[in-house]
Amino acid sequence: MAKRASLTALENTKNTAPLPKLPRSQDDSPKSPLNFSSPASLFESLISPIKPNEFFSEYWEKKPLLIQRDDPVTSDFYSSLFKLSDLKRVAGKKVYYGKDVNLCKCRNGKKVVLPRHGRASYPHLLKDFGSGKATIQFHQPQRFNDDLWHIMEKLESFFGTLVGSNVYITPPDSQGLPAHYDDVEVFILQLEGEKRWKLYNPTVPLAREYAIETEDRIGTPTHEFTLKPGDFLYFPRGVIHHAKTPAGSSHSTHVTISTYQNNSWADYFQDVFPGILFDSANDNIELRRGIPRRLLMADASSVVDHLRTILLNLASRLETNKDIRSCGMIRDFMASRLPPFVNSSMSPAMNGNETTGKPVESPPKLDSIIKLQYQDHTAITVDHVPNISDSATELMVYVYHSLKNERETHMMGVSDDSRSVAGLRFPLSHRDALTLIWESNPVCVKDLPLENDSDKVNLAVSLWAEGLLMVFLPEA
């Protein structure tokens, strides 16, 4: 999961609104059975014929879901997402062992990663795959396949958290990984060949860490089945699983799409609690009193009752003050997620809800009509910003977005020093105006709830220069 990200300060001196990078043309792509019109539509078509309400009430975080399809359209589309033969094209783009691809085997119930280093070439990958019977694990293939980019970009918008993927290509009569469980929700699409799966009850339900389990702990399988091209499988965090390509068959290729890593109530509480405590300390003198002398060097159990009282008071405060600020998690998400998918046949006006007329390229004026675009790729939050001059703090409104994110580095473990979140910062007085833009249909700049016309125009121009607004001529 991504670590904390910093805000990039951006100058509002651009005279054109930037757009996300376009994917390459895929005119020969097979017909897609998926509905990309919205994040919700994409997810519904992905799990069809199961309806989302049934999925989240019956399966999500509860039990596996297997959907076996005898549908040539789906199997053809799935196979286009990634094939063994695609490695030749991908390897030509300079991929490296460890970073982009691993070679692994299951040996005596343990995972063995072959000691390969440097650049991975197609012939060498095929040699270890063929004569070495190694499984090829390719990391984050959405960097190289536009349809996977499109699927995962929509899923990140649907779930509101990061979504990653790995492709596993396994030779016949081979198993790449031992029985294990993951710390992510798993969606598997079978792309090529067949694979025999066994699932077991969790030893750690909704696990927060990856772990290998020994045969004496996993018991008997709860599910046994074979995935074929076009089939779909979901299972929750903690479900123990392993899979093997049958003998006498061709190789197997599947893509594992994963999400909800470090996205539990515990993670959310860890994110919002500092803000709750900070605000409460301003109002409650008891929280500002010093702790007992030498407490840090003593047994903390002596203050458990006092801590319980403090927590109860904080809970009571939430009944009247519901202004919760989630800052770290939203910064991580916006800094690390995929940029919007925009192909050559789409315009910004098509990447959202209905619009009013044709947008113009000039900056907004007081009588201009404006509308937010790429809403699924933006977020507003309120946070304290330190005032260096007097060491005080003040609340500011932050607007984060992912329009400038790089598809090529998505989920690739980019260091905190080289990753930043794009966005803008505004005075707290601008919150109502920003909320109106985010929640309403097209709105006239002059109708923004700000005191001065110059503030209204400056706000609109700042958002437009960041690529977040469409501008329309006022109605005649």
Side-chain angles (χ1 to χ4, degrees), residues 1-2 23-24 78-107 110-149 151-152 162-178 180 182-184 186-193 195 210 212 227 229 241-245 250-259 261 336 338 406-415 418-419:
M1 190 70 174
R24 68 180 187 279
Y78 277 17
S79 68
S80 73
L81 297 177
F82 206 98
K83 300 186 289 290
L84 174 61
S85 59
D86 289 338
L87 283 175
K88 184 174 183 179
R89 172 181 62 85
V90 172
K93 298 180 181 292
K94 295 184 179 181
V95 298
Y96 295 87
Y97 290 109
K99 171 178 171 287
D100 300 292
V101 62
N102 282 325
L103 295 163
C104 54
K105 297 181 178 182
C106 176
R107 185 179 296 161
K110 296 182 179 180
K111 177 181 178 180
V112 177
V113 178
L114 302 190
R116 304 291 185 264
H117 306 284
R119 183 175 173 180
S121 69
Y122 183 58
H124 287 158
L125 288 171
L126 287 186
K127 180 180 179 181
D128 283 320
F129 174 78
S131 59
K133 306 289 285 184
T135 289
I136 300 172
Q137 179 187 21
F138 194 86
H139 305 310
Q140 311 307 330
Q142 68 275 10
R143 298 175 293 148
F144 301 95
N145 182 281
D146 293 341
D147 287 321
L148 273 175
W149 171 17
I151 291 170
M152 294 176 61
L162 293 175
V163 176
S165 71
N166 284 295
V167 162
Y168 296 89
I169 309 175
T170 304
D173 194 25
S174 299
Q175 179 176 333
L177 300 174
H180 67 281
D182 297 301
D183 58 347
V184 288
V186 173
F187 301 90
I188 291 174
L189 312 182
Q190 184 69 21
L191 311 183
E192 291 185 302
K195 206 162 198 180
Y210 164 92
I212 293 174
L227 287 185
H241 57 280
H242 60 88
K244 183 176 181 178
T245 305
S250 65
H251 68 272
S252 166
T253 304
H254 74 264
V255 60
T256 296
I257 298 175
S258 57
T259 190
Q261 185 180 48
S336 306
L338 283 164
E406 293 290 335
R407 168 194 181 187
E408 293 77 12
T409 61
H410 182 244
M411 300 294 286
M412 290 302 293
V414 178
S415 66
S418 59
R419 185 187 67 250

Would you say [X]'s side chain and [Y]'s backbone share a donor-acceptor pair under 3.5 angstrom?
X: R143; Y: H139; result: yes
X: K133; Y: D173; result: no
X: E406; Y: E408; result: no
X: D128; Y: L125; result: no
X: Q175; Y: C106; result: no
X: N145; Y: L81; result: yes

Are side-chain heavy atoms of [X] and [Y] found at a separation under 4.5 Å?
X: M152; Y: L338; answer: yes
X: L162; Y: T259; answer: no
X: L84; Y: H251; answer: yes
X: I212; Y: P178; answer: yes
X: T256; Y: F187; answer: no
X: R116; Y: N102; answer: no
X: V255; Y: Y78; answer: no

Between [X] and [Y], does any side-chain donor sit less than 3.5 Å from a side-chain acceptor?
X: E192; Y: S79; value: no
X: H180; Y: H242; value: no
X: T253; Y: Q190; value: no

Self-check item: Non-neighbouring partners of S250 that pass side chain to side chain contact (heavy atoms under 4.5 Å, CB included), sequence neighbours left out
Solution: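 For S250, no residue satisfies side chain to side chain contact (heavy atoms under 4.5 Å, CB included) once neighbours in sequence are set aside.
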Quiz item: Which residues satisfy the side chain to side chain contact (heavy atoms under 4.5 Å, CB included) test with S80, sequence neighbours excluded?
Solution: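 Partners of S80 under the side chain to side chain contact (heavy atoms under 4.5 Å, CB included) test: P30, F77, D147.
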Search all heavy atoms of [X] against all heavy atoms of [Y] and return the closest pair with its distance.
X: P229; Y: G193; value: CD-O, 3.1 Å
X: P172; Y: T245; value: CA-CG2, 3.7 Å
X: V163; Y: H410; value: O-CE1, 3.0 Å
X: Y122; Y: A91; value: N-CB, 3.9 Å
X: H117; Y: Y97; value: O-CD1, 3.5 Å
X: P171; Y: S174; value: O-CB, 3.3 Å

Practice problem: Check whether the ring centres of Y168 and H254 lie less than 6.0 Å apart, and answer yes or no. | Solution: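 When the ring centroids of Y168 and H254 are compared, they turn out to be within the sub-6.0 Å range.
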Quiz item: So, do F138 and F144 have ring centers that fall under 6.0 Å from each other?
Solution: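 They qualify: ring centres under 6.0 Å apart.
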Rounded to the nearest 0.5 Å, what separates atom [atom1] in [X] from atom [atom2] in [Y]?
X: L227; Y: S252; atom1: CG; atom2: OG; result: 8.0 Å
X: S165; Y: L148; atom1: OG; atom2: CG; result: 6.0 Å
X: Q142; Y: N166; atom1: CD; atom2: CG; result: 8.5 Å
X: D100; Y: Q137; atom1: CG; atom2: CD; result: 11.5 Å
X: Q140; Y: K99; atom1: CD; atom2: NZ; result: 10.5 Å
X: D146; Y: I151; atom1: CG; atom2: CD1; result: 11.0 Å

Quiz item: So with a 6.0 Å cut-off around NZ of K88, is the heavy-atom count from everything else above 12?
Solution: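 Atom NZ in K88 is not packed in, count stays at 12 or less.
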Self-check item: side chain to side chain donor-acceptor pair (under 3.5 Å) involving T135 - partner list, sequence neighbours excluded
Solution: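 Testing T135 for side chain to side chain donor-acceptor pair (under 3.5 Å), a comparison that skips the adjacent residues, returns T170.
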Practice problem: Please report the C-alpha distance between I169 and F82 in whole Å, then the side-chain angles of each, then the deciding distance to 0.1 Å, and finally whether the side-chain contact (heavy atoms from CB on, under 4.5 Å) criterion is met. | Solution: CA-CA 10 Å; I169 309 175; F82 206 98; 4.2 Å; yes
